[in-house]
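Okay, structure first, notes after.
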Amino acid sequence: MYNLEIEPGLQPAQKLRVQEVGVYRGPNLHSRTKMVRIQLDLGKLEQYPTNLLPGFVDALLKHVPGLREHGCSYGEPGGLVLRMEEGTWLGHVAEHVAIELQNIAGADVARGKTRSVTNMPGVYNVMFEYENEDLGLLAGRFALELVNFLLPADLQGLAGADMIAPSPLAQFTMAEALRVLRAAHSEIAFGPTTASIVREAEARSIPWRRLDNSSLVQLGYGKHLKRIRASCSSLTSEIAAEIASDKELTKRLLIEAGLPAPWGTVVSSAEEAVEAAQSLGLPVVIKPVDGNHGRGVNIGLSSQSEVEWGFEQARAHSSQVLVEQQFVGGDHRILIIGGRLVAAAKRVPAHVIGNGRVTIEQLINRENEDPRRGEGHEAALTRISIDECLIHYIARSGFTLSSVPERGKPVMLLPTANLSTGGTAIDCTEDIHPDNALIACRAAQIIGLDIAGIDFVAPDIRRSVLQTGGGIIEVNAGPGFRMHLYPSQGKRRDVAGAVLDLLYPPGAPSRVPVLAVTGTNGKTTTTRMLAHILAADGQIVGMTSSNGVYIDGRRIMEGDCTGPRSARVVLGEPTIDVAVLETARGGLLREGLAFNACDIGCVTNVTADHLGLRGVHSVEDLAAVKSVVVEAVHEDGWSILNADDPLVAAMREEAGGHICYFSTKAPKQWPDFLKDHVFHGGRALGCDLATGLFDMILYDKAQKMLICRVDEIPATMNGMAAFNVENALAASAMAVCNGVPLPVIREALRSFGTSYEQSAGRLNMVEREGVRIIVDYAHNPGGLRALGRLVGKLRTGNSSCIGVVGIGGDRRDQDIYEMGEIAASVFDRLILKEDYDLRGRSAGEVVAILRQGALKAGFDASKLEVVLREHEAVERALGSALNDDLIVVTADDIARVWKRVSAPPANELDPLPYKGAIPLQSEIRVF
């Protein structure tokens, strides 16, 4: 019997166990598609592929018959069934079930993949596409619950399911799971209007993002950003929408403009309504002044009692009620977008056709079984509700719900033809008379709406109402598109295309250039250098970096802002001309990219860092993560690759767009692929550091052009800071590919230094009382090694170099140990410290490993000390340094360290007492 709770005595290794859950919201390591990832440990079930589970496949197909259509690796219906009969693992089965459950609920998803996790036998990443994140997660949970439910009793057990989504079910049943999923989809899915605009945006490669759980959607990026809420857009005037919602004011403005609209009076009592009706002439229409969707509207009221009843119906929806003349004719909706008629439909009120055998109520129930009908606005048609208005209206024709209309007799059920009350629509766009079209267009313009639904009554829409009578009875802001997208008869109209033509006329951009930088080291400086170049070109830059989000050079958010959330802040900033996004591995692994495609992607280098975390165990794994950025470059964009780094250069096989390389080697030492690339006119940037020829050269279309001399760039320290030469090449390559003129790049590089203001935490230097101090992030062995090469060039005479060195606790032991080895080769004295956030380590653990590494490399123990807190370690260095000494701080809290070392010195600094070395921890491995 199925039981969600863990059975007593059942060991974790014997049952399905959810270990991790992730939601990718953009291109990621596994897919270009949004996906849910569930890391699933099969435990004992690793030994039970589906062909060893008697009856499992048949039972699964009975519960989820749609799986028969899944092609899986065979690419045709029945492929998944064949795979299961041959034998596949339950993670793979759960992937397909999660996809199918979403489709049953109403979503449209198809992609998925399941892959084993390296070095973790029986553990799989189960991944599947989703439309809505919450629905996808719930489908993932139910998929695992169904798989578990169908297992033999002795193999059942599911742990960790709450990590995916809380279950709304006290006990799992397939019927209840489907009910919950359908209800969830109905609640969160876009309505037809919004969905049509979003689909059209995708077809035009216009980026979009949902901003709430309703229908508010952002289109485009930066200064080209627009928003829609259903069919209201960024161009919709609030004043115009308010006018349209006031039916009496709308009518008055239309009549003043000479347009045919019914006369009417606003009343506040039934007595006033009767008086107004008699004055206007019966029959009349009564409606709420500020109602919508036809609620409270009744027509053909031709007696005092009907008028009084109609008043009460309208007052239930509005404090003010409008009594107006009734135009005779068919009810039409004319859709005006940007002053142009794009669609027209004749609306037919909800009705049934008698068959001489069943009652009106039974006919309504049969009509509601039409699969096109649903609740609210999510389906092509709306179910017909039996309410007081319907009962009253059919009574006026002599019917009750129990009446049996004769065969072929139509019975109108409601006075209004709104689709929201069960009406249907017949497209008549090509039939409308030019006079009628002009009247509708003028009405939208007079009210001031960019998108308007004109309710138009005409005896014959093919003839002018100026001759036949009739005219405008309402003007609607935010009109629904259902009747034009899914007419009951006639042609579907591309109304969403007209909306996007209005927001983004042909040839108009919808997005600002997106320039993304990643890599192990150098990405922050490259990002800042590139932003500096683009600003010099007169562009307003939105930038994310490791110490904040910047808009036009001003920091608006502090902290490490290298993930997708910060990127979305920049992409949603309506003032920027270009987005420059530092993109770190953490956000890539956690959520994926914040964008579906970028214009320029750059990978600076790949070296060992953060290995052992989130399934990244080798530099090759890390390279695969970093390559996501260049794989997301669109076909007309540029991928900027470090030709000197084999792992980065290899990304050329999967990188998107055109390729531009950069290298600090002499052309004769270039690898063959780079020589061939340049020989055939490909783009590359080079600078021969080895021979001291410091010209940065652009190679493009068989031409050579000087960008700048390295010794003219303050950040390179006359070429001594080789890593900043690489960063300058990468930034210049991205600028060139973004169309920045070479003279602008040259002048911008000449004004980019290593000041804290320009590049906080990246080679910031200050001198105080004869002591030079460098503050640099240098957070991994590769970074410290590069910094060490510069330090060797900066040493003078017999002065000492003091290193205040630490490393994050989330690095592997061997990386921390290597950091100590490198520090031993760079510095004369070492002060080892720890980051404020120990990242899961115990106090003193990181410095113990650093110390081991330094001592094993031959460092003199008498010149090594441990001061755990960073600010105290800095004080120790400042207090013990002598004239001409060089202090290098690999800072964690960069702002605090810089504030201290750059402050005016006190009259006297008392050096902190020597704390001594902490003892080695016996359990720490020595590498």
Side-chain angles (χ1 to χ4, degrees), residues 22-37 110-113 115 118 125 127-129 202 205 207 221 511 513-520 522-523 526-527 530 544 562-564 567-568 571 579-607 609-610 614-616 618-643 645-662 673-674 677 682-684 730 733-734 737-738:
V23 179
Y24 298 118
R25 299 177 176 91
N28 55 80
L29 179 61
H30 307 286
S31 172
R32 293 295 306 278
T33 307
K34 299 188 301 183
M35 283 195 171
V36 170
R37 178 182 65 86
R111 297 179 180 273
K113 61 172 65 175
R115 298 290 185 268
T118 305
N125 279 322
M127 294 167 284
F128 50 89
E129 184 183 6
E202 289 176 339
S205 297
Y221 292 150
R511 44 181 302 187
V514 177
L515 284 57
V517 183
T518 193
T520 304
K523 57 184 177 293
T526 299
T527 296
L530 174 61
T544 64
T562 56
R568 285 192 285 269
L571 296 174
V580 179
L581 308 175
E582 181 180 348
T583 307
R585 48 155 285 287
L588 277 169
L589 289 169
R590 185 176 61 253
E591 289 187 39
L593 296 172
F595 45 83
N596 288 331
C598 59
D599 299 86
I600 303 174
C602 174
V603 184
T604 58
N605 50 63
V606 177
T607 61
D609 192 24
H610 292 288
R614 293 181 174 267
V616 178
S618 65
V619 287
E620 289 76 17
D621 291 342
L622 186 58
V625 176
K626 302 292 186 182
S627 70
V628 171
V629 169
V630 289
E631 290 174 19
V633 173
H634 65 69
E635 62 181 1
D636 296 323
W638 287 88
S639 290
I640 314 299
L641 303 177
N642 185 347
D645 186 321
L647 288 172
V648 176
M651 295 177 190
R652 64 186 181 274
E653 300 298 331
E654 301 296 333
H658 312 284
I659 305 294
C660 175
Y661 297 102
F662 64 91
F673 71 84
L674 180 54
H677 177 79
R683 184 174 292 177
M734 297 184 77
C737 293
N738 197 50

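Worth saying up front: this structure is predicted, and the values here are computed from it rather than measured.
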Item checked: Parallel, tilted or perpendicular: ring planes of His677 versus Tyr661, cut at 30 and 60 degrees -> perpendicular

Check: When the aromatic ring centroids of Phe595 and Tyr221 are compared, is their separation below 6.0 Å?
Finding: no

Next item on the list: Using atom types as modelled and distance alone, determine if a side-chain donor or acceptor of Asn28 lies under 3.5 Å from a backbone N or O of Gly26.
Entry: yes

Next item on the list: Please report the C-alpha distance between Asn642 and Phe662 in whole Å, then the side-chain angles of each, then the deciding distance to 0.1 Å, and finally whether the side-chain contact (heavy atoms from CB on, under 4.5 Å) criterion is met.
Entry: CA-CA 5 Å; Asn642 185 347; Phe662 64 91; 3.4 Å; yes

Item checked: Partner residues of Arg32 under the salt bridge (Lys or Arg N to Asp or Glu O under 4.0 Å) criterion, sequence neighbours left out -> none

Margin query: Taking atom CD as the centre, does Glu202 end up with more than 12 heavy-atom neighbours from other residues, nucleotides or ligands that are less than 6.0 angstrom away?
Written below: yes

Notebook entry, point to check: Which atoms form the tightest heavy-atom contact between Cys660 and Ala733, and what is the distance?
Noted result: SG-CB, 4.0 Å

Notebook entry, point to check: Does a side-chain heavy-atom distance below 4.5 Å link Ser205 with Arg511?
Noted result: no

Notebook entry, point to check: So, for Ala684 and Leu674, which heavy atoms are closest and what is the spacing to 0.1 Å?
Noted result: CB-CD1, 4.0 Å

Note to self: For the backbone of His30 and the side chain of Lys113, can you confirm whether one donor and one acceptor N or O come within less than 3.5 Å of each other?
What the structure shows: yes

Next item on the list: Please name the pair of heavy atoms, one in Gly601 and one in Val629, separated by the smallest distance, quoted to 0.1 Å.
Entry: CA-CG1, 4.0 Å

Note to self: Holding to salt bridge (Lys or Arg N to Asp or Glu O under 4.0 Å), I want the full list of residues that pass it with Asp645, two or more places apart in sequence or in another chain.
What the structure shows: none

Notebook entry, point to check: What distance separates Thr604 OG1 from Ile640 CD1, expressed to the nearest 0.5 Å?
Noted result: 12.5 Å

Item checked: Worked verdict on Leu593 versus Leu588 for side-chain contact (heavy atoms from CB on, under 4.5 Å) -> CA-CA 6 Å; Leu593 296 172; Leu588 277 169; 3.3 Å; yes

Check: Can you name the nearest heavy-atom pair linking Ala597 to His634, along with the distance?
Finding: CB-CB, 4.2 Å

Margin query: Determine whether a donor-acceptor pair (N or O, by modelled atom type, separation under 3.5 Å) exists between the side chain of Glu582 and the backbone of Thr562.
Written below: no

Check: When rounded to the nearest 0.5 angstrom, what is the spacing between CZ in Arg568 and OG1 in Thr544?
Finding: 12.0 Å

Next item on the list: May I ask you to test the Cys737-Arg683 pair for a side-chain heavy-atom distance under 4.5 Å?
Entry: yes

Notebook entry, point to check: Roughly how far, to the nearest 0.5 Å, is the CZ atom of Arg585 from the CG atom of Asp621?
Noted result: 12.0 Å

Check: Rounded to the nearest 0.5 Å, how far apart are CG of Leu622 and CG of Leu647?
Finding: 9.0 Å

Notebook entry, point to check: Is there a donor-acceptor pair closer than 3.5 Å between any side-chain N or O of Thr583 and the backbone N or O of Thr518?
Noted result: no

Item checked: Val606/Met651 under side-chain contact (heavy atoms from CB on, under 4.5 Å): CA gap, chis, key distance, verdict -> CA-CA 11 Å; Val606 177; Met651 295 177 190; 4.0 Å; yes

Item checked: CZ on Phe128 to CZ on Arg111, rounded to 0.5 Å -> 15.5 Å

Notebook entry, point to check: CG of Leu515 to SG of Cys602: how many Å apart, nearest 0.5 Å?
Noted result: 9.5 Å

Note to self: So Asn738 and Asp599, do their side chains get closer than 4.5 Å, heavy atoms only?
What the structure shows: no

Next item on the list: Show your working on side-chain contact (heavy atoms from CB on, under 4.5 Å) between Ser31 and Met127 and close with a plain yes or no.
Entry: CA-CA 9 Å; Ser31 172; Met127 294 167 284; over 6 Å; no

Check: Residues two or more places apart in sequence or in another chain: which of them pass side-chain contact (heavy atoms from CB on, under 4.5 Å) with Ala655?
Finding: Val630, Ser639, Ile659

Next item on the list: Without swapping roles, check the side chain of Thr526 against the backbone of Lys523 for a donor-acceptor pair under 3.5 Å.
Entry: no

